[in-house]
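Single-structure report; data block below.
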Number of protein chains: 2
Amino acid sequence: MADIDKNNENRKLTIGDIADELGLSKTTISRAISGKGRISDETKRRVQEYIKEHDYRPNLIAKSLAESKTFNLGVVLPSDTNLAETPFFQSCLMGICEVAASHDYDVVVTTVTEDDIALLKRIIFNHKVDGVILTRSLAHDLPVQFLKENKIPFVVVGSTEDEDVVQIDSNHSAACAELTSILLVSGNENLALLAGNQEHIVNKNRMKGFIEGHKNISKKANDNLIFTGMNNKALIDRAIDRIMMYQVDCIVCTDDLICSRVLARLNELNYSVPADIKVASFYNSTFLENHNPPVTAININVKELGVAAGERLIKLIAGEEEKQKELINYEIVLKKSTK
Amino acid sequence: MADIDKNNENRKLTIGDIADELGLSKTTISRAISGKGRISDETKRRVQEYIKEHDYRPNLIAKSLAESKTFNLGVVLPSDTNLAETPFFQSCLMGICEVAASHDYDVVVTTVTEDDIALLKRIIFNHKVDGVILTRSLAHDLPVQFLKENKIPFVVVGSTEDEDVVQIDSNHSAACAELTSILLVSGNENLALLAGNQEHIVNKNRMKGFIEGHKNISKKANDNLIFTGMNNKALIDRAIDRIMMYQVDCIVCTDDLICSRVLARLNELNYSVPADIKVASFYNSTFLENHNPPVTAININVKELGVAAGERLIKLIAGEEEKQKELINYEIVLKKSTK
DNA sequence: GTGAAAGCGCTAACAG
DNA sequence: CTGTTAGCGCTTTCAC
């Protein structure tokens with residue numbers, strides 16, 4: 001008989017069970033839960049009491065199917081090896097998880113490389129997510145192109161030239177310009193820049209800031225002292241050799257990874273910071289803070305970036321359009337490495 | 001008429017559409033796709049050809065509902081702040097994503113803190129995942145307790161005393177014992193240990209290894225030189241002051257975060273490594289490799305750990321039981337910091 | 001070898 | 001204010 005099933009302790013409680021138990025219809029139960037549609041306070045109360053008491057948990061899968069919504073946000077992390085070393089993505093993810101949960105969403109993560117977005121395609125074609133957050137921005141951005149083509153709501157943490165794309169970023173070029181100007185007016189005649197992969201928009205913007213920081217005080221950056229594509233130890237070491245042949249006062253790095261190698265190399269060569277040469281970074285990290293001497297850098301609250309991205313995506317999914325670009329604050333932290 | 005709907009370009013192709021189009025039943029299409037049940041090679045071929053041609057994507061949500069399976073693995077990341085700085089979790093996650101995708105699973109992440117597992121409860125009660133991977137192991141482990149009570153398949157990356165729990169880890173105590181012995185027999189009389197939070201099983205095991213490393217060569221670790229709970233700068237600095245009053249030859253740290261602070265502090269105090277004092281770490285990182293001098297440490301392939309965990313969980317979900325504990329290899333890397 | 005029909009648990013017109 | 005009914009897209013008995 002049917003009761004056998006219903007009495008089975010392992011069986012999860014459904015909306016139908018509650019309906020039977022309370023002598024109501026499934027619709028009414030559904031309404032009591034969602035609050036949609038008209039329903040008397042009395043029945044609503046009865047239903048909600050029953051739910052509390054019996055610890056009912058709605059089946060989100062069923063809801064998903066009925067509403068064609070997954071209540072999942074997709075987060076795309078780069079799996080290009082060197083990037084896994086950056087705490088940036090992790091902090092950002094934490095922020096996203098936090099907002100997601102507070103809006104009753106969950107987070108599905110997937111990885112891509114610069115030229116392989118198969119795993120992103122997977123979660124889209126399998127209908128696993130309602131929208132996507134990209135955690136970096138590239139010059140030739142496959143994910144952006146793909147998501148636009150497929151009309152999937154998405155936001156990017158970072159900046160792009162593409163005006164239709166919703167972007168959440170800190171104002172890297174402004175921040176870098178500001179720090180650069182500060183360095184220049186505080187007695188540093190010649191700055192050298194060690195910049196990362198120019199395929200990454202963030203690095204481009206930081207370099208732009210470096211150049212603007214010069215312009216802002218009517219100087220011109222020395223092209224011979226700008227090194228791009230500093231992806232590995234060997235390249236950085238070679239750049240430093242070149243730099244030390246000029247009258248450079250301060251080495252500026254676009255990120256903490258480059259900076260960390262720069263500091264190690266200077267140490268190896270027995271140069272002392274800041275006595276022999278100063279060092280600053282456009283991206284802060286605990287390592288740079290812990291370093292001796294502590295390193296001047298630009299601080300951004302990455303988790304907040306994730307939170308903002310999550311909130312925007314959820315609004316986008318709900319169909320609420322807003323301004324396309326959102327900037328979060330930064331902070332310039334002057335430390336001993338440039339004093 | 002019904003055709004209006006069917007001709008709608010935006011509508012996703014369903015199993016029913018294919019059935020109509022090919023003059024077959026939904027059942028047959030389903031069988032052709034899954035390979036389950038009897039079906040003629042000819043029809044199977046026809047269906048698969050149609051699918052390729054029209055780029056059909058099955059709706060996993062519907063499949064989930066029908067099979068009561070989500071095809072999602074839950075990954076629990078700690079959101080206790082200091083841990084976000086560790087690339088460990090990120091690398092581990094990359095590994096999990098990789099296996100997941102290769103087995104047609106996706107990855108849902110959540111966060112917990114030492115004493116708040118509300119977000120883990122969320123994904124379980126909402127039926128968002130078929131199983132869970134815990135990425136750290138605590139002495140008083142709320143997630144483990146909760147998952148056991150609710151009979152959810154799960155594996156932990158790390159070790160626990162609880163024998164029923166499926167564990168994937170590297171053999172920390174053995175590795176640490178080995179490194180400790182090596183240090184002792186190569187001329188270091190007195191070793192000091194700076195250990196992290198003992199609530200984390202991994203730190204306990206590393207400390208155990210440190211002590212065993214002494215025993216193995218018939219020595220005894222000096223209790224006065226073992227410092228636990230080294231969670232912050234101030235505590236570490238104070239420990240170092242104490243250490244420098246003894247005849248310590250080498251400072252051993254349980255992880256790279258502690259080690260990074262140790263190196264910075266020694267530098268501040270104008271001690272030179274390895275001339276004045278040697279330094280080693282039980283956990284390697286790019287920072288320690290990039291440091292000058294490079295730091296002796298224990299290397300483990302974290303991504304591999306994630307891969308193993310993912311594979312085990314997928315088997316567990318499929319109902320395949322296996323041995324409870326799995327150890328992956330480690331490697332001891334001797335560098336200049338202890339020479 | 002194939003199909004009809006029921007069902008997974010929920011939502012959403014449409015009636016009353 | 002509440003119930004009836006159909007449906008989301010797929011799987012799975014059970015017949016034929």
Side-chain angles (χ1 to χ4, degrees), chain A residues 2 4-6 8 10-48 50-51 54-71 104 125-128 130, chain B residues 2 4-6 8 10-48 50-51 54-71 104 125-128 130:
Chain A
I4 289 176
D5 249 26
K6 303 224 171 153
N8 182 338
N10 286 331
R11 225 176 114 281
K12 306 269 174 173
L13 206 57
T14 76
I15 221 174
D17 301 333
I18 305 180
D20 291 352
E21 210 61 43
L22 262 43
L24 293 166
S25 75
K26 295 199 299 176
T27 319
T28 308
I29 310 298
S30 176
R31 281 200 271 254
I33 293 169
S34 67
K36 291 177 190 168
R38 291 175 311 194
I39 188 171
S40 78
D41 287 346
E42 169 56 11
T43 36
K44 183 188 272 185
R45 200 196 49 68
R46 270 181 68 210
V47 173
Q48 292 190 329
Y50 188 95
I51 282 175
H54 295 74
D55 200 40
Y56 162 76
R57 309 282 175 174
N59 183 329
L60 277 206
I61 309 277
K63 186 174 165 140
S64 290
L65 183 57
E67 293 185 6
S68 338
K69 262 198 81 176
T70 64
F71 301 97
D104 261 294
F125 290 142
N126 283 345
H127 310 101
K128 284 281 197 155
D130 297 333
Chain B
I4 288 176
D5 250 27
K6 303 222 170 153
N8 182 339
N10 286 330
R11 226 174 113 280
K12 306 268 175 176
L13 206 56
T14 77
I15 220 175
D17 301 333
I18 306 180
D20 292 352
E21 210 62 42
L22 262 43
L24 292 166
S25 75
K26 295 199 298 177
T27 319
T28 307
I29 310 300
S30 176
R31 282 200 270 254
I33 293 169
S34 67
K36 291 176 190 169
R38 292 175 311 192
I39 187 171
S40 78
D41 287 346
E42 169 57 11
T43 38
K44 183 188 272 184
R45 199 196 49 68
R46 270 180 68 211
V47 172
Q48 292 190 329
Y50 187 95
I51 283 176
H54 295 73
D55 200 39
Y56 162 77
R57 309 280 176 175
N59 183 328
L60 277 207
I61 308 279
K63 186 172 166 145
S64 289
L65 183 57
E67 292 184 5
S68 337
K69 262 197 82 178
T70 65
F71 301 97
D104 261 293
F125 290 142
N126 282 346
H127 311 101
K128 285 280 198 157
D130 297 332

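Letters go in sequence order (proteins before strands), and every chain restarts at 1. Heavy-atom basis, side chains included; hydrogens, waters and symmetry copies ignored.
- Residue contacts for A:L24: at a heavy-atom cut-off of 4.0 Å it reaches the sugar-phosphate backbone alone, with no base atom in range.
- Counting to the nearest Å, the P atom of C:dG9 and the CG atom of A:L13 are 11 Å from each other.
- Of the two residues contacting DNA chain C, namely B:G23 and A:R57, the nearest-nucleotide position lying further toward the 5' end is that of B:G23.
- Regarding A:N126, its CG atom lies at a distance of 15 Å from the P atom of D:dG9, rounded to whole Å.
- The distance from atom CD1 of A:I39 to atom CD1 of A:I29, rounded to the nearest 0.5 Å, is 7.5 Å.
- Pairs engaging residues 29-40 of chain B under the side-chain hydrogen bond (donor to acceptor under 3.5 Å, both in side chains) rule: B:S40-B:T43 [sequence neighbours left out].
- Look at B:S40 and you won't find any side-chain N or O under 4.0 angstrom from OP1 or OP2 of C:dG1.
- The side chain of A:Y56 places no N or O atom within less than 4.0 Å of a non-bridging phosphate oxygen (OP1 or OP2) of C:dG9.
- Applying the salt bridge (charged side-chain N to carboxylate O under 4.0 Å, His left out) criterion to A:K128, with sequence neighbours excluded, gives B:D106.
- Judged as a side-chain contact (heavy atoms from CB on, under 4.5 Å), and not counting sequence neighbours, A:S68 has no contacts.
- Taking only side-chain atoms of B:T14, from C-beta outward, the nucleotide of C:dG3, C:dC10, D:dG9 with the closest atom is D:dG9.
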Atom pairs, N/O to N/O, protein against nucleotides 12-16 of chain C, distance under 3.5 Å?
| from | atom 1 | to | atom 2 | distance (Å) |
| --- | --- | --- | --- | --- |
| C:dA12 | N6 | A:T27 | OG1 | 3.1 |

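- In this structure, A:I61 places its CD1 atom 13 Å from P of C:dT11, rounding to the nearest Å.
- Residue order along DNA chain D, read from the 5' end via each residue's closest nucleotide, puts A:I39 first among B:P58 and A:I39.
- An OP1 or OP2 oxygen of D:dG3 is reached within less than 4.0 angstrom by a side-chain nitrogen or oxygen of A:T28.
- Here A:T43 lies in heavy-atom contact (under 4.0 Å) with sugar-phosphate atoms only.
- B:I29 places its CD1 atom 11 Å from the C1' atom of C:dT2, with the value rounded to the nearest Å.
- In this structure, CD1 of B:I15 is placed 19 Å from P of C:dG7, rounded to the nearest angstrom.
- Taking five base pairs at each end of the helix from C:dG1-D:dC16 to C:dG16-D:dC1 and finding the rotation axis that steps the C1' atoms of four pairs onto the next four gives two axes whose angle is 40°, to the nearest 10°.
- In this view, A:D55 and A:R57 satisfy the salt bridge (charged side-chain N to carboxylate O under 4.0 Å, His left out) rule, not counting sequence neighbours.
- For residues 39-48 of chain A, the salt bridge (charged side-chain N to carboxylate O under 4.0 Å, His left out) pairs, not counting sequence neighbours, are A:E42-A:R45, A:R45-A:E49.
- Rounding to whole angstrom units, NZ of residue B:K69 and P of D:dT12 are separated by 11 Å.
- Note: CD (B:E42) to P (C:dG1) measures 13 Å, nearest angstrom.
- Where B:A62 and A:K63 meet DNA chain C, the nucleotide closest to each residue was compared, and B:A62 sits on the side nearer the 5' end.
- Scanning for side-chain contact (heavy atoms from CB on, under 4.5 Å) contacts around A:A66 gives an empty result, with sequence neighbours left out.
- For the pair B:L13/B:Y50, a side-chain contact is recorded, criterion being any heavy-atom separation below 4.5 Å from C-beta on.
- Which of D:dC10, C:dC10, D:dG9 sits closest to the side chain of A:L65 comes down to D:dG9.
- Distance CG (B:D20) to P (D:dG9): 13 Å, rounded to an integer number of Å.
- With sequence neighbours left out, the ring pair (Phe, Tyr, Trp, His ring centres under 6.0 Å) criterion links A:Y56 to no other residue.
- Inter-residue side-chain proximity for B:T14 and B:N59 is flagged as unmet; no heavy-atom pair is nearer than 4.5 Å.
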